[in-house]
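Here is the structure we will look at, set down as C-alpha cells.
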2 protein chains.
Amino acid sequence: MSARKVARPAERGHSGGGARHGAADGEPLTGSVEDYLKAIYELEEMTGLAAATNAIAERLDIAPPSVSGMLRRLAALELLSYERYKGVSLTASGRRAALRMLRRHRVIEAYLAGELGYPWDRVHAEAERLEHAASDELIDRMAAALGHPAHDPHGAPIPTRDGTLVMVPRQMLAEQAVGSRARVAAVGDEDGELLRYVASLAIKPGTMVTVVARAPFDGPLTVEVAGKGTKAQRTHVVGSTVARAVMVDAPVKRKRST
Amino acid sequence: MSARKVARPAERGHSGGGARHGAADGEPLTGSVEDYLKAIYELEEMTGLAAATNAIAERLDIAPPSVSGMLRRLAALELLSYERYKGVSLTASGRRAALRMLRRHRVIEAYLAGELGYPWDRVHAEAERLEHAASDELIDRMAAALGHPAHDPHGAPIPTRDGTLVMVPRQMLAEQAVGSRARVAAVGDEDGELLRYVASLAIKPGTMVTVVARAPFDGPLTVEVAGKGTKAQRTHVVGSTVARAVMVDAPVKRKRST
DNA sequence: TGCAAAAGTTAGGCTCTCCTAACTAATGTG
DNA sequence: CACATTAGTTAGGAGAGCCTAACTTTTGCA
Ligand SMILES: [Mn+2]
Ligand SMILES: [Mn+2]
Ligand SMILES: [Mn+2]
Ligand SMILES: [Mn+2]
C-alpha cells in the first residue's frame, strides 16, 4: 500500500512521465545537470561570452558530443538558450540554479575547512560531490555555524541564499604591472597541487604581493610576498599557470585619474 | 591532452569497459548498489534468514522485478549469493561493503545531530543521501569531531572503521512481559513522524520504561516512562507500530535461572 | 495431495548520461 | 577567396536503474 512515487527526473534512472519541457523552476535537477549549469555559469562569467561546447566539455572532462546532447536537453528545460554552432547562455532560471550550486559548493568548502580541519587543497573535490547530496537545510546550517561567511577558503565569494553574488573586480596576478603591489583576493580551487604549492609560498587570500619582474614571452613572474623572513626568502619565481590562478583585487579606479 | 578516464561503473552512466564480475573489493559501488547492500544486510540481520526479493523491494520502495535484476548483477559482482526463487545472502565482501555503509550512515546521523543541531527525526533522510557522497576522510573527520561515538542518535551501534559491529542483544518493547521494566536502547529511524511522537513521550535511548498493560490481539501497550511529572503524565498508551519500533536492552540472562 | 494465493522471474521499455566514428559548419590565413 | 584547421553536430551504442505486464515457482492450507 506504499504507492511508489513515480519520481521526477530526480536522480537514478526511472521512467514514466511524459515530455517535460518548461522548467517551472521547482523540479529537482540531476547532479549532472547541476554540474553543467555551474560550469556554464563560470565560463560565461570568465569570458563574458556565450559558453562554447568544447570549453564546457573540457571543464567537465566529458566528450564534446555528450555536451551537445546535454545542451539540447537543457535548452528544452529552458535553463539556457542554444543555437546550434553558436555557444549557449543561461536563462534567468538557469542562472538561478547555477548560483544556487555555487553557493552550495562554496558553503561546503568553507565548512569543511572551518569546522572539520580540511586543508584548502582537498575541500574542492569533496564539495564537488556533496553539493548534489546536501539539502538546503544542511547548507543553511553549515553557513550559520560559520556565521554566514562571505567567501570560501579560496577567496571566491559565496552567493546569498536569494542568489545575489557580490562581484568585486579582480584581475589575474599574471596581468599586474611590474612594480605594482596588490592584495591576493582568491586562488583557483580546482588544482590541489597548485594550491599546496601556492600555500608553501605563503600566498593566500589577504596576502600582499609585489611584482618584481616579468620574463618575456608569457614567462615566469618574480614576486615578493609580504610577511616574515628575509626579502630573499619572501621572493619567488612563479610560472604563468600559477600567475593566472592567483587573482588580486583590482586597483581602485579613481574617476578621471592621471 | 587530458585523457578522460573511462570511468569504472562509478556513478553517472558511462559505458566502455568489458564484462566485470569478480568484485575485487576495491572498485567503487554506485549509490544504488550501496543502498541494496545496506537493506539486505539489515533484513538478514533482522530475520536471521536469507533476504527475500519482495522484502528488499518494499524496503527500498522499488518494484520487485527491478530487485530481481539487481540481485543478478550483485551476484555477478560476488557481493551476494543468489539462487532463483530462494532469497539472497551477502558474501564476506558484500557484508563488508554493507557495514561500511552502515558506519557512514550512522556517523553522519550522529554528526548532524551532535554538531549541526539537527533534530533526530530529520537526520535519517539527510544521511541517506550523504552516505553515498562523503569520502572516507570526511567520515573519519566527523567521527573524530564527535570523539568516535559508539551509537547514532537513534541508539543504533556504529560499526568501527574495520567493520566490527558490537551486537548487544535487544528486543522489541512490543515483546516485553507485562510488569517488566527495561532500558530503551534504540528507536527505528526511518519514520520521522514516529520519532517525533516517541520523543514527545520522553522515550529515547536511555530512558527506562515499564510495561503496565497489554491489550489483546496485538493491541496497544500501556507503558510508564521514567522521568519527571506525575505517574499519570508519564503513562502512555502506544500502538503496536510504536511498540515494535522501540527496542530495549534484552534482560541479562543468568545461567540456569529460576 | 491439490490448488489458489503469494512470491519471484522474464520480457520488453524508457530515461539519463556518456562514448566513438563520421560528418558538417565556422574561421582565419595566405 | 579557397581551403585547411578547428569547432561542433549527428548517428549509433552501451550500461545503470527502474517500470509494467505477463508468466512461473513455491507455499500454505483445505
Ligand atoms: Mn559537482
Ligand atoms: Mn573554492
Ligand atoms: Mn542511501
Ligand atoms: Mn539511525
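Note that these values count all heavy atoms, side chains included, but never hydrogens, waters or copies made by symmetry. Sequence lines set the chain letters: A, B, ... in the order given, protein chains first and strands last, and positions in each chain run from 1.
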What is the distance, rounded to the nearest whole Å, between atom [atom1] of [X] and atom [atom2] of [N]?
{"X": "B:Leu74", "N": "D:dA16", "atom1": "CG", "atom2": "C1'", "value": "12 Å"}
{"X": "B:Ile62", "N": "D:dA16", "atom1": "CD1", "atom2": "C1'", "value": "12 Å"}
{"X": "B:Ile56", "N": "D:dC18", "atom1": "CD1", "atom2": "P", "value": "13 Å"}
{"X": "B:Met70", "N": "C:dT10", "atom1": "CE", "atom2": "C1'", "value": "18 Å"}
{"X": "A:Leu29", "N": "C:dC16", "atom1": "CG", "atom2": "C1'", "value": "13 Å"}
{"X": "B:Asp35", "N": "D:dA16", "atom1": "CG", "atom2": "P", "value": "17 Å"}
{"X": "B:Leu71", "N": "C:dT10", "atom1": "CG", "atom2": "P", "value": "11 Å"}
{"X": "B:Leu79", "N": "D:dA16", "atom1": "CG", "atom2": "P", "value": "13 Å"}

Exercise for the section: Just grab all the salt bridge (charged side-chain N to carboxylate O under 4.0 Å, His left out) pairs involving residues 124-136 of chain B, residues at least two apart or on different chains. Expected result: B:Lys38-B:Glu128, B:Lys38-B:Glu131, B:Arg100-B:Asp136, B:Arg104-B:Asp136, B:Glu126-B:Arg129
Practice task
Could I get the full list of side chain to side chain contact (heavy atoms under 4.5 Å, CB included) partners for B:Met46, not counting sequence neighbours?
Solution key: B:Arg59
Exercise for the section: Apply side chain to side chain contact (heavy atoms under 4.5 Å, CB included) to A:Glu45 and list each qualifying residue two or more places apart in sequence or on a separate chain. Expected result: A:Tyr41, A:Met167
Exercise for the section: Tell me, please, which residues at least two apart from B:His124 pass ring-ring contact (aromatic ring centres under 6.0 Å, His included). Expected result: B:His105
Practice task
For the pair A:Glu34 (side chain) and A:His132 (backbone), establish whether a donor and an acceptor sit closer than 3.5 Å, ignoring hydrogens and angles.
Solution key: no
Please write out the pairs of protein N or O atoms and N or O atoms of nucleotides 6-8 of chain D separated by less than 3.5 Å, giving the distance to one decimal.
{"residue": "D:dG8", "atom": "OP2", "partner": "A:Asn54", "partner atom": "N", "Å": "2.9"}
{"residue": "D:dG8", "atom": "OP2", "partner": "A:Asn54", "partner atom": "OD1", "Å": "3.4"}

Problem - B:Tyr36 side chain near D:dC18 phosphate (N/O to OP1/OP2, under 4.0 Å) - result: yes
Completion exercise
Looking only at C:dC19, C:dC18, D:dA16, the nucleotide nearest the A:Ala63 side chain is C:dC19
Practice task
Any chance you could list the contact pattern along nucleotides 1-6 of chain C? Use B for base contacts, S for sugar-phosphate-only contacts and - for none, protein heavy atoms under 4.0 Å, 5' to 3'.
Solution key: ------
Handout entry: Sequence-distant partners of A:Arg95, side-chain hydrogen bond (donor to acceptor under 3.5 Å, both in side chains), two or more places apart
Key = none
Exercise for the section: Using the test side-chain hydrogen bond (donor to acceptor under 3.5 Å, both in side chains), find all partners of A:Arg161 that sit at least two apart in sequence or belong to another chain. Expected result: none
Problem - side chain to side chain donor-acceptor pair (under 3.5 Å) contacts in which one or both residues fall within residues 81-90 of chain A, not counting sequence neighbours - result: A:Ser81-A:Ser89
Exercise for the section: Could you tell me whether A:Asp191 and A:Arg196 have a side-chain N and a carboxylate O separated by less than 4.0 Å? Expected result: no
